[in-house]
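In what follows, chains are A, B, ... by sequence order, proteins preceding strands, each numbered from 1.
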Protein chains: 2
Amino acid sequence: MSDAIRKVSIVGQGLIGSSITRAIYARDINANVVVTDSSDKVRRKVRELGLGQARVVDDCVEAVKGADLVILCVPVRQIAKVAKLVAPAMKPGAILSDVGSVKASVTAEIEAAITADVELVPAHPLAGTELSGPEAGLPSLFENRWCILTPTEKTSPQAVEKLVKFWEALGSKTEVMSPLHHDFVLSITSHLPHLAAFAIFHTAKKYEGETGSDVVKFSAGGFRDFTRIASSNPSMWRDIFIGNKPQLLEILKRFIADLQVFSDAIEAEDLETLTGLLSQSRITRRKVIEKEHISVQPKSDQEKSDRVLIRPYASDF
Amino acid sequence: MSDAIRKVSIVGQGLIGSSITRAIYARDINANVVVTDSSDKVRRKVRELGLGQARVVDDCVEAVKGADLVILCVPVRQIAKVAKLVAPAMKPGAILSDVGSVKASVTAEIEAAITADVELVPAHPLAGTELSGPEAGLPSLFENRWCILTPTEKTSPQAVEKLVKFWEALGSKTEVMSPLHHDFVLSITSHLPHLAAFAIFHTAKKYEGETGSDVVKFSAGGFRDFTRIASSNPSMWRDIFIGNKPQLLEILKRFIADLQVFSDAIEAEDLETLTGLLSQSRITRRKVIEKEHISVQPKSDQEKSDRVLIRPYASDF
């Protein structure tokens with residue numbers, strides 16, 4: 001394995017793939033970039049956009065030739081399939097990575113699919129928007145965001161270190177953990193919140209017959225935040241949910257039990273228990289804010305207006 | 001009852017109360033404004049802020065004297081108590097309103113508490129932020145937001161019309177409906193989403209022992225949107241949840257059942273069912289967007305960056 005990453009191949013040029021391409025050029029990283037996408041339309045769009053000096057090729061096998069690092073930016077269900085396709089064409093000892101939201105099951109699939117002499121370093125940048133496609137990419141997408149690397153037992157520390165450096169060069173903070181631990185953390189911080197947002201829509205939709213168009217009409221407040229979360233790509237999330245099935249089902253079971261605790265406290269009008277339950281989030285929120293060094297105070301009146309929730313009074317009269 | 005609202009009394013100067021005060025002056029509404037708050041600190045802050053030409057008085061009974069419109073901007077649990085206190089001091093035929101998030105139970109409480117000859121027109125502006133206090137108020141808070149009016153059977157159409165005009169003068173869109181229908185709509189669009197956000201925190205917190213500090217550390221993505229929602233005032237939401245108990249428990253029961261449907265589909269890896277479940281929100285989201293005439297496309301790169309969710313790829317490779 002050579003010491004530096006001189007050539008990067010990015011397979012898939014959607015939001016994340018094209019953001020990586022953009023970030024490499026925006027941050028003056030000294031590497032040749034070859035990109036591809038299975039969609040003619042996406043490749044055409046990438047050529048149109050002219051992302052840095054990236055070379056756009058039609059075929060993923062051709063794209064990975066001679067690369068020191070190959071990043072698969074394709075949907076979770078496609079990762080192992082594409083890995084199997086490209087790995088034999090890769091330079092021996094080169095790094096094969098991805099950006100998928102689930103790790104344990106997919107990493108096992110990749111390991112079963114490839115026999116080539118490559119260094120497998122799965123990764124997951126905790127960044128994105130609810131938008132899709134190469135035109136939605138942003139050079140700054142990964143700045144100050146976490147990128148979690150989940151090497152296998154066979155991965156060399158040198159390969160991990162190289163990928164850590166690569167993501168840090170893109171502006172990310174990095175953390176190395178096991179695929180299973182990743183899936184556990186993400187089940188709480190990402191998969192469950194998304195599932196809850198999707199499910200609230202489902203519940204609202206079923207109720208729409210009774211409420212006429214009111215759900216839609218009066219959707220200011222909490223619901224609006226959920227609409228944004230739940231407007232994400234359905235097939236992508238379906239695959240994430242299934243890909244992280246054991247962890248997600250476990251956390252979902254606990255969440256349903258906890259909702260029942262809330263329900264019982266409301267039913268009993270148990271003020272003390274309810275206050276305790278509702279206060280925890282303020283404490284956790286504060287910790288989130290402190291950790292991220294972001295201000296809880298809005299910067300402008302516009303930003304204050306943008307934070308619209310249904311919170312109709314606030315004094316303690 | 002006189003024809004115009006010449007004097008407005010606003011009891012409670014938290015986020016909503018102080019925003020009404022601000023909006024009256026910002027929009028050049030020709031009315032005398034008297035404000036009060038049970039908290040010395042809040043009254044002092046309001047005097048310091050000097051909201052328009054509003055007169056700040058120490059006592060709510062004094063504040064309502066001679067007013068054509070009295071708006072109680074106090075927590076849900078306090079509304080009936082304060083109504084009982086101020087109604088006897090009100091001008092006969094004047095309008096008594098509020099801004100509470102729950103209507104059926106509170107309206108019944110108010111009706112039971114007062115005997116004075118006043119026109120009761122409860123209202124609920126669907127606006128707010130997760131911030132509290134008089135300094136958090138905004139003159140533009142109600143612009144283009146819904147304000148739902150929920151008159152009782154005894155309320156005169158003239159009184160309803162007057163309050164409609166008042167809220168429209170503050171920039172709101174208005175809708176008149178029964179208290180019960182209001183509570184039904186809000187249970188879906190506001191109370192359930194908030195409850196879900198609070199509950200996810202509870203679940204995460206219980207799990208924290210197992211995850212160390214990881215939940216907090218990696219809270220980018222869906223979780224972050226929830227932190228904002230769930231950082232709202234615990235005692236306020238406790239009272240909203242209990243105040244809307246029958247509607248909320250019903251919708252919560254349905255939500256739990258729907259979560260179980262999602263769970264079963266994930267367990268069975270039923271791709272077709274899951275895709276169907278997850279696609280509904282996209283359709284509803286589109287309807288929300290269309291109704292609100294807001295663009296789904298971010299206006300700037302900054303805004304795109306601000307919409308950070310965990311969505312690590314988007315092409316259909």
Side-chain angles (χ1 to χ4, degrees), chain A residues 12 14-16 37-38 42 73-74 99 101 126 128-129 132 185 188-190 193-194 196 198-199 201-205 214 216 219-223 225-227 230-231 234 238 241-242 252 254-255 258-259 263 266 269 274 278-281 284-285 287-288 307 310-315 317, chain B residues 12 14-16 37-38 42 73-74 99 126 128-129 132 185 188-190 193-194 196 198-199 201-205 214 216 218-223 225-227 230-231 234 238 241-242 252 254-255 258-259 263 266 269 274 278-281 284-285 287-288 307 310-315 317:
Chain A
L15 174 70
I16 296 294
D37 196 289
S38 67
V42 169
C73 303
V74 304
V99 293
S101 290
L126 305 188
T129 74
S132 310
V185 170
I188 299 174
T189 59
S190 170
H194 276 86
F198 280 117
F201 264 92
H202 183 65
T203 305
K205 191 84 188 162
D214 285 347
V216 170
S219 64
F223 204 60
D225 289 275
F226 279 68
T227 62
S231 71
R238 176 197 65 199
F241 293 156
I242 289 179
L252 190 51
R254 294 189 182 212
F255 177 55
D258 288 338
L259 281 173
S263 182
I266 294 166
E269 303 190 13
L274 259 181
L278 301 178
S279 299
Q280 289 179 339
S281 50
T284 308
R285 167 75 171 173
K287 277 165 60 183
V288 169
R307 296 194 185 178
I310 296 176
R311 269 279 304 277
Y313 34 69
S315 91
F317 188 92
Chain B
L15 175 71
I16 296 292
D37 196 289
S38 66
V42 169
C73 303
V74 302
V99 294
L126 305 189
T129 75
S132 310
V185 170
I188 300 173
T189 59
S190 170
H194 277 85
F198 281 115
F201 264 91
H202 182 66
T203 305
K205 192 84 187 161
D214 286 347
V216 170
F218 302 108
S219 66
F223 203 61
D225 289 276
F226 280 67
T227 62
S231 70
R238 176 198 65 198
F241 293 156
I242 289 179
L252 191 51
R254 294 190 183 214
F255 177 56
D258 288 339
L259 282 173
S263 182
I266 293 166
E269 303 191 13
L274 259 181
L278 302 178
S279 299
Q280 289 177 340
S281 49
T284 309
R285 168 73 173 175
K287 279 165 63 184
V288 169
R307 296 192 186 180
I310 296 175
R311 270 279 303 278
Y313 35 69
S315 91
F317 189 93

**Asked** Is it the backbone or the side chain of Leu252(A) that comes under 4.5 Å from a heavy atom of chain B, or both, or neither?
**Response** side chain
**Asked** What distance separates Ile242(B) CD1 from Ile266(A) CD1, expressed to the nearest 0.5 Å?
**Response** 7.5 Å
**Prompt:** Taking all atoms of both residues into account, what is the closest heavy-atom pair of Ala199(A) and Phe255(B), and its distance?
**Reply:** CB-CE1, 3.6 Å
**Complete:** Looking only at heavy atoms, the pair that brings Leu278(B) and Arg238(A) closest together is CD1-N, 3.4 Å
**Message:** Show, in sequence, the C-alpha distance, side-chain angles and deciding distance for Leu259(B) and Leu259(A), and conclude whether the side chain to side chain contact (heavy atoms under 4.5 Å, CB included) test is met.
**Reply:** CA-CA 11 Å; Leu259(B) 282 173; Leu259(A) 281 173; 3.6 Å; yes
**Message:** Would you compute the distance between atom CZ of Phe201(A) and atom CG of Asp258(B) and round it to the nearest 0.5 angstrom?
**Reply:** 13.5 Å
